[in-house]
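Here's the structure we're looking at; comments come further down.
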Protein chains: 2
Amino acid sequence: MTKAAGAPQLRKGVLGPLVLALLEERERYGLEIVRELASRDLVASEGTVYPLLTRLQDAGAVESEWIVSERDRPRRFYRLTGAGRAELAAFRTDWPAFTRAVESILTRGDSPDQRREVHP
Amino acid sequence: MTKAAGAPQLRKGVLGPLVLALLEERERYGLEIVRELASRDLVASEGTVYPLLTRLQDAGAVESEWIVSERDRPRRFYRLTGAGRAELAAFRTDWPAFTRAVESILTRGDSPDQRREVHP
DNA sequence: GCGACTACTTTGCATTGCAAGGTAACGTGC
DNA sequence: GCACGTTACCTTGCAATGCAAAGTAGTCGC
């Protein structure tokens with residue numbers, strides 16, 4: 001299956017909420033988020049995620065804190081705020097309607113022998 | 001927060017393929033495509049679609065032709081090319097993997113207390 | 001010290017979506 | 001004819017997003 005080059009800019013506008021979803025689980029630092037997304041072919045570089053985190057913080061959706069431990073090197077950890085949770089909830093609400101709308105258009109003149117869907 | 005009503009910028013990067021899918025069915029003209037997308041809350045204005053059609057044509061995914069009939073006023077109709085079909089096929093291939101990846105992240109710490117079943 | 005690795009940051013660019021405004025052709029009513 | 005509304009197309013200018021690339025530090029192993 002086509003990898004990174006495969007999905008053009010599908011990602012656009014989705015990354016923000018995805019980062020929020022990752023932070024819902026627990027606090028994370030920048031590179032950790034990059035790796036998490038990259039492992040799912042959803043993002044390519046740090047140049048995307050770090051500015052995004054800054055924007056999310058400016059928007060009040062996340063807050064951050066430098067954490068210096070003795071085991072690891074200093075890292076800036078991001079945590080979801082109440083506003084961030086609300087935004088994530090809104091996205092979870094909108095997402096199904098969006099994919100349904102896309103698929104309603106996508107599966108029209110769809111190839112004849114592509115019917116692999118479940119039928120009772 | 002700032003992301004107000006409807007689907008924020010989920011649309012980004014998806015509109016191109018959707019237009020191709022609409023043209024797969026039959027030839028269409030600009031405003032017709034705008035209305036088709038708007039009826040599904042997928043786009044707001046002509047300022048999005050007309051430049052997009054121009055880009056698709058420059059990319060060789062569609063071709064266009066002025067059609068002047070006696071019933072209607074002159075319209076520029078767009079038609080899918082071979083390259084456009086290929087691009088659409090690639091999108092149909094990538095789309096499920098994309099939504100799966102998104103949902104794998106979205107449904108993790110998902111609904112923490114979302115009992116659909118009322119218990120006494 | 002030197003290199004490799006981690007982690008964060010910044011710059012600059014291309015693409016995308018959109019509102020707003022503009023042009024032109026056609027039909028209806030006066 | 002002429003004004004007006006409608007349809008259809010096009011263009012300009014801007015903001016947001018994604019990303020490569022390059023830069024800054026701190027840490028570890030040698």
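First the proteins, then the strands, lettered A, B, ... as listed; each starts at 1. Values in this document were obtained by computation on a predicted structure and should not be read as measured data.
- Contact annotation: the side chain of A:Leu31 approaches that of A:Tyr50 to within less than 4.5 Å [non-hydrogen atoms, C-beta and beyond].
- Within a heavy-atom distance below 4.0 Å of DNA chain D, the residues of residues 75-86 of chain B found are B:Arg75, B:Arg76, B:Tyr78.
- A sub-4.0 Å separation between OP1 or OP2 of C:dT9 and a side-chain N or O of A:Tyr50 is absent.
- Rounded to whole Å, atom C1' of D:dA16 lies 11 Å from atom CG of A:Leu52.
- Here D:dC10 presents its P atom at 9 Å from CG of B:Leu53, a figure rounded to the nearest Å.
- With rounding to whole Å, A:Leu56 atom CG is found 15 Å from C:dC8 atom P.
- For A:Thr48 and D:dC19, the shortest distance from a side-chain N or O to OP1 or OP2 is below 4.0 Å.
- Rounding to whole angstrom units, CG of residue A:Asp58 and P of C:dT9 are separated by 12 Å.
- Here D:dC10 presents its P atom at 12 Å from CD1 of B:Ile33, a figure rounded to the nearest Å.
- To the nearest 0.5 Å, the span separating CZ on A:Arg26 from CZ on A:Phe77 amounts to 8.5 Å.
- Rounding to whole angstrom units, CD1 of residue B:Ile67 and P of D:dC9 are separated by 11 Å.
- Considering only side-chain atoms of B:Leu31, the nucleotide from C:dA19, C:dT9, D:dT7 that sits closest is D:dT7.
- To the nearest angstrom, P of D:dT17 lies 16 Å from CG of B:Leu15.
- Checking C:dT6, C:dG17, D:dT7 against every side-chain atom of A:Arg35, the shortest atom distance belongs to C:dT6.
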Derivation and outcome, salt bridge (Lys or Arg N to Asp or Glu O under 4.0 Å), residues A:Glu27 and A:Arg75: CA-CA 11 Å; A:Glu27 300 183 359; A:Arg75 291 165 173 163; over 6 Å; no

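- A:Glu46 contributes no side-chain N or O that forms a donor-acceptor pair with the base of D:dC19 under 3.5 Å.
- To the nearest 0.5 angstrom, A:Thr81 atom OG1 is 8.5 Å from A:Glu87 atom CD.
- A:Arg92 places a side-chain N or O within 3.5 Å of a backbone atom of B:Leu106 that can act as its donor or acceptor partner.
- Residue-level contact check: B:Gly47 touches the bases, meaning some heavy atom is under 4.0 Å from a base atom.
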Annotated protein contacts, base or backbone, on nucleotides 25-30 of chain D with a non-hydrogen cut-off under 4.0 Å, one of B, S, - each: -BS---

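- Between B:Tyr29 and B:Ile67 there is no side-chain heavy-atom pair separated by less than 4.5 Å.
- Contact check on A:Arg79 versus A:Glu65 returns a salt bridge, with a Lys/Arg side-chain nitrogen under 4.0 Å from an Asp/Glu carboxylate oxygen.
- B:Leu37 contributes atom CG, which lies 6.5 Å from atom CG of B:Leu18 (distance to the nearest 0.5 angstrom).
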Kindly determine whether A:Trp95 and B:Thr99 satisfy side-chain contact (heavy atoms from CB on, under 4.5 Å), including the steps that lead there. CA-CA 10 Å; A:Trp95 175 254; B:Thr99 56; 4.0 Å; yes

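- Ranked by how close their nearest DNA chain D nucleotide is to the 5' end, B:Trp66 and A:Arg55 are led by B:Trp66.
- Rounded to whole angstrom, the span from the CG atom of A:Asp41 across to the C1' atom of D:dG18 amounts to 16 Å.
- Side-chain atoms of A:Ile33 and A:Leu52, non-hydrogen and from C-beta on, never get closer than 4.5 Å to each other.
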